[in-house]
Amino acid sequence: MSTPRKELPAFYDAHAAAALYYPQWESSGAFKADPNAKGEPYCIVIPPPNVTGNLHMGHALNNTLQDVLIRYKRMDGYNVLWLPGTDHAGIATQWVVERQLRAKGIERRDMGREKFLECVWEWKEQSGGNIVRQLRRLGVSCDWSRERFTMDEGLSKAVRENFVRLYEEGLIYRATRLINWDPIGLTAISDLEVETEENVQGEIWSFAYVLSEPHGDTTEIVVATTRPETMLGDTAIAVHPDDPRYKHLIGKTVKHPFVDRLIPIIGDAILVDPAFGSGAVKVTPAHDFNDHEVGVRHNLPMISIFTPDAKVNGEGGAYVGLDRFAARKKIKQDLTDLGLFRGRQDHTMTLPKSQRSGAVVEPMISTQWFMKMKPLATPAVGAVEHGFTTFWPDAWKNTYFSWLRDVKDWCISRQLWWGHRIPAWHCADCGHVNVGRTDPTECSACGGTRLNQDDDVLDTWFSSALWPFSTLGWPERTPDLARYYPTAVLLTGFDIIFFWVARMMFMGLHHMGQVPFKDVYIHGLVRDENGDKMSKTKGNVVDPVETIDRVGVDAFRMTLTALAGLGRDLLWSEKQVDSWSRFQNKIWNAYKFLHMHVSEQPAVPAALGPYDRWILARLGSCVRNVRAALDGYRFDMVASEIYAFTWYELCDWYLEFSKPALYGEDGPVKDAAKHTLWTVFHALSRLIHPIMPFFSEELWRNLPGHDQPGSTSGTVMTAAYPKDGDFAEEPEVLTAIATLQEAIVAVRRIRSEKNLSPKVGLVAANAGTLTGLFAGQASALRDLANVTVVTGPRPEQAAVVVVAGHELWINLDGVLDTGKERERLTKEIEKLNKSISFLEGRLSNEAFVSKAPPHLLEKSRGELQGEKDKRLSLEAALKALA
RNA sequence: GGGCGGAUAGCUCAGUCGGAAGAGCAGUGCCCUUACAAGGCACGGGUCGCAGGUUCGAGCCCUGUUCCGCCCACCA
């Protein structure tokens with residue numbers, strides 16, 4: 001009795017499934033890791049999103065891929081921990097709150113540090129749950145019980161410990177040097193936070209410095225600059241020491257036109273290229289990195305001429321108070337009025353800008369905290385060179401190396417309020433700096449009690465650098481840390497290889513003695529369908545939450561996974577989403593077919609039919625390929641393997657093959673088909689679970705037998721992932737069915753070419769060569785191609801189909817167009833001729849025969865024979881038409 | 001200036017060990033067939049950027065080169 005027993009809705013309800021299953025999973029404790037449980041550890045720490053941020057496509061991709069791996073490994077019996085959390089995102093968050101306050105007419109400096117921080121915490125509390133809620137919508141299976149925040153108590157402790165240790169080791173130090181200053185953010189920034197704007201139209205502006213005393217005919221020296229205003233801070237003119245034009249002037253001085261200062265002319269072979277411009281360079285050691293080095297080499301005075309917000313300071317004489325760009329204008333005018341202007345030319349240049357504020361970065365002399373990089377970077381390079389950590393794709397290691405190999409010391413202090421405050425106390429009595437794990441009450445040098453904590457906070461990335469072990473409990477020696485460090489893999493984007501990956505590497509190696517992760521998977525950028533970066537100004541931003549609302553989270557995740565090729569950006573398009581939604585629907589419909597025929601878990605049958613064995617073998621092959629793809633981070637191939645199996649093998653073929661059995665009355669055959677169908681879905685729902693968690697759960701829970709009261713099948717989330725050995729390989733069955741399929745397609749093609757409706761039953765004659773398995777499947781030819789095979793002679797008017805050496809003469813009495821048929825056969829024969837001459841050429845090539853591998857030789861010979869036989873059949877058919 | 005990646009069907013991309021080029025989407029023809037028209041069946045479509053080389057054999061390996069994208073550094 002095969003009456004439908006279960007009414008499934010026509011369409012899968014993604015939203016209902018998500019709403020139902022996520023809370024169940026979470027409350028069941030299935031996301032939770034247990035360091036004492038069995039299994040090889042598999043840990044991923046999430047790249048923590050900005051705590052006050054919103055989910056964008058980058059997050060969606062990043063977290064979907066992590067969840068795919070985590071769910072796969074969890075099902076595969078690993079002891080899995082996916083540790084979630086958020087980042088305080090120093091500058092970014094402070095800015096948002098500052099802007100909010102400013103809208104209310106409040107400046108943070110007016111309200112004071114403490115009050116302001118209260119506002120930031122309030123904003124964090126208010127908006128902080130948002131990103132986490134959105135991640136849950138994505139279906140991520142993180143261990144939320146271990147959720148961390150970079151400024152929570154434990155992580156703050158880790159940050160402090162790290163600072164103190166490195167300070168004690170001499171790897172963190174305080175120094176006064178030229179740093180990148182953001183005049184809008186009013187803070188120092190690191191080299192990495194400086195972005196260069198390309199192709200800025202500027203000018204090179206030349207003017208003369210007048211010599212204090214004429215030297216022969218020479219009364220002046222001409223310099224050129226893109227920043228005339230910095231001349232207020234000039235403390236030297238540099239020329240090449242071998243330049244005959246200027247050699248004799250070295251040691252002389254020029255008089256500054258605006259401030260009371262004599263400026264020496266010096267020789268410097270490193271800075272000066274005599275062939276460039278006038279061959280003389282003004283030197284501003286306090287506002288230019290190259291000039292600063294000259295200043296150090298020649299022990300020049302370093303005169304800062306700007307206030308923190310980049311206005312001319314007291315060193316600037318008449319220009320004091322002017323913004324640097326206004327000062328530039330006025331100085332050009334005044335130099336011109338003095339008759340010192342010596343020409344200008346257009347100049348395309350790059351402009352250094354602050355990543356966060358967009359301000360033109362001003363190099364400034366400033367006292368800051370630094371981390372010494374060389375001793376930390378060297379082991380981090382070595383760890384990747386020696387393969388302790390592998391980049392996927394491998395090429396990214398070059399990027400990593402190139403930065404670490406000549407990285408400069410890291411400026412870690414920021415003049416902000418939101419962040420980890422530097423654990424250093426300055427003694428007002430003796431000036432000693434006290435750094436320690438606990439807040440000091442007296443100065444360790446002089447015993448004085450007038451201690452002031454350093455005002456600065458640490459660069460956000462300082463705490464991020466500790467993330468893979470601070471989240472596991474470091475500096476405590478926790479069970480989590482012992483069990484889950486080093487983590488298995490880090491998934492992230494290429495844009496933070498320097499900011500984050502490299503820094504986690506050297507901090508992990510330094511404190512833990514081991515790399516923080518064995519693999520680093522670098523995914524691409526999600527772009528729009530034209531390949532353009534998504535941006536608010538372009539208006540091409542896709543909101544993941546909106547898309548999830550529309551198509552369901554499973555199809556959304558499937559699309560992301562399918563697009564995630566190794567080392568390529570993802571071009572997001574509605575077409576892709578539609579395509580994968582349709583795929584989901586296809587599975588759903590096949591699943592409905594299962595439910596039409598199967599109402600409870602079928603018993604294992606005594607024997608399986610050839611189609612059953614075939615689809616199970618194909619499933620086994622799919623499982624192998626999917627596993628290989630997952631293990632190699634080929635997410636795109638995971639998706640395409642599942643797609644190809646489900647659509648082209650299960651739906652296109654097996655479901656059709658199984659219909660005669662399922663609709664028929666042969667008990668054992670029917671039972672075998674039911675069992676097979678059930679088995680395939682039993683595996684398929686597990687196979688797709690990492691990508692489509694809710695959909696697969698819906699399939700799993702409603703699997704006949706699983707949906708019955710008292711079923712202990714549980715959740716698919718913790719069911720075993722299908723294994724290589726689960727299914728027999730069945731090489732003979734695969735060959736036989738491939739031949740059968742070939743025959744079916746060949747007959748269908750004839751039908752299509754002759755424009756014969758599928759309803760018209762055909763008769764094909766075979767001379768009696770059909771033997772073995774293929775012969776047994778003649779019924780499939782009837783069912784799938786509506787052709788009946790009879791043993792008998794060739795009919796008068798017939799089209800021939802040759803498969804695996806068997807001739808099938810399809811009787812086309814009355815519908816055969818001899819002309820067209822002749823044309824078809826001629827074309828086919830031409831193709832065969834080409835193929836035959838190719839194979840003959842190859843096989844008559846002495847070099848090929850002697851050097852090619854034997855299996856290829858054998859294959860070529862077999863193919864040649866097959867093609868020749870086929871040609872004979874077709875030629876006979878052509879002759880018969882005449 | 002240094003480095004990395006890419007170039008394969010109209011579009012977006014796969015292509016494993018070097019062994020006669022694949023998918024999705026788009027296109028064409030036929031079909032509402034008892035899971036599915038969000039579907040089925042069939043078909044057409046490629047000088048693998050270019051030029052050399054190695055090899056019996058190259059989309060794949062080597063050399064050179066063009067174009068596109070990105071990163072780093074520098075720019076008086």
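Per chain, numbering begins at 1; letters A, B, ... match sequence-line order.
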Can you tell me, in whole Å, how much space there is between the P of B/A38 and that of B/A26? 13 Å
Would you indicate whether A/Lys820, at its atom NZ, is surrounded by more than 12 heavy atoms from other residues, nucleotides or ligands within a distance under 6.0 Å? no
Quick tally for nucleotides 12-20 of chain B: nucleotides whose base has a protein heavy atom under 4.0 Å get B, sugar-phosphate-only ones S, the rest -, giving SSSS---BB
Hey, is the side chain of A/Arg748 poking within less than 4.0 Å of OP1 or OP2 on B/A42, counting only N and O atoms? yes
Neighbour count above 12 (heavy atom, 6.0 Å) for A/Glu858 CD: no
What interatomic distance, in whole Å, is found between C1' of B/G22 and the corresponding atom of B/G45? 13 Å
Return no unless some side-chain N or O of A/Arg749 is found under 4.0 Å from OP1 or OP2 of B/C43. yes
Would you mind classifying the nucleic acid contact of A/Ser402 as base, sugar-phosphate or nothing, using non-hydrogen atoms under 4.0 angstrom? nothing
Quick one: label A/Thr225 by what it contacts on the DNA or RNA (base, sugar-phosphate, nothing), any heavy atom closer than 4.0 Å. sugar-phosphate
When rounded to the nearest Å, what value does the distance between P atoms of B/A9 and B/G59 take? 15 Å
What class does the angle between the rings of A/Phe583 and A/Trp580 fall in, given that below 30° is parallel, 30 to 60° is tilted and above 60° is perpendicular? perpendicular
B/C43 and B/A7, which share atom name C1', separated by this distance in whole Å: 29 Å
Tell me if the aromatic rings of A/Tyr521 and A/Trp392 count as close, with their centers under 6.0 Å from one another. no
What protein N or O atoms touch nucleotides 36-38 of chain B N or O atoms at under 3.5 angstrom, if any, and at what distances?
unit_1	atom_1	unit_2	atom_2	d
B/C36	O4'	A/Asn589	OD1	3.4
B/C36	O4'	A/Asn589	ND2	3.4
B/C36	O2'	A/Asn589	ND2	3.0
B/C36	O2	A/Lys586	NZ	2.9
B/C36	N3	A/Lys586	NZ	3.0
B/A38	O2'	A/Asn585	OD1	3.0

P atoms of B/C50 and B/C56, separation to the nearest Å: 25 Å
Hey, does A/Val745 reach any base, or is it just sugar-phosphate, or nothing, if we go heavy atoms under 4.0 Å? sugar-phosphate
Of the nucleotides B/C30, B/A42, B/C4, which one has an atom closest to the side chain of A/Asn755? B/C30
How would you label the contact of A/Asp578 with the nucleic acid (heavy atoms, under 4.0 Å): base, sugar-phosphate, or nothing? nothing
For RNA chain B, what string of dots and brackets results from 5' to 3' when Watson-Crick and G-U pairs need both distances under 3.5 Å, crossing pairs get [ ], and pairs with another strand get |? (((((((..((((.....[..)))).(((((.......))))).....(((((..]....))))))))))))....
Quick one: CD on A/Glu656 to CD1 on A/Ile744, what's the gap to the nearest 0.5 Å? 10.0 Å
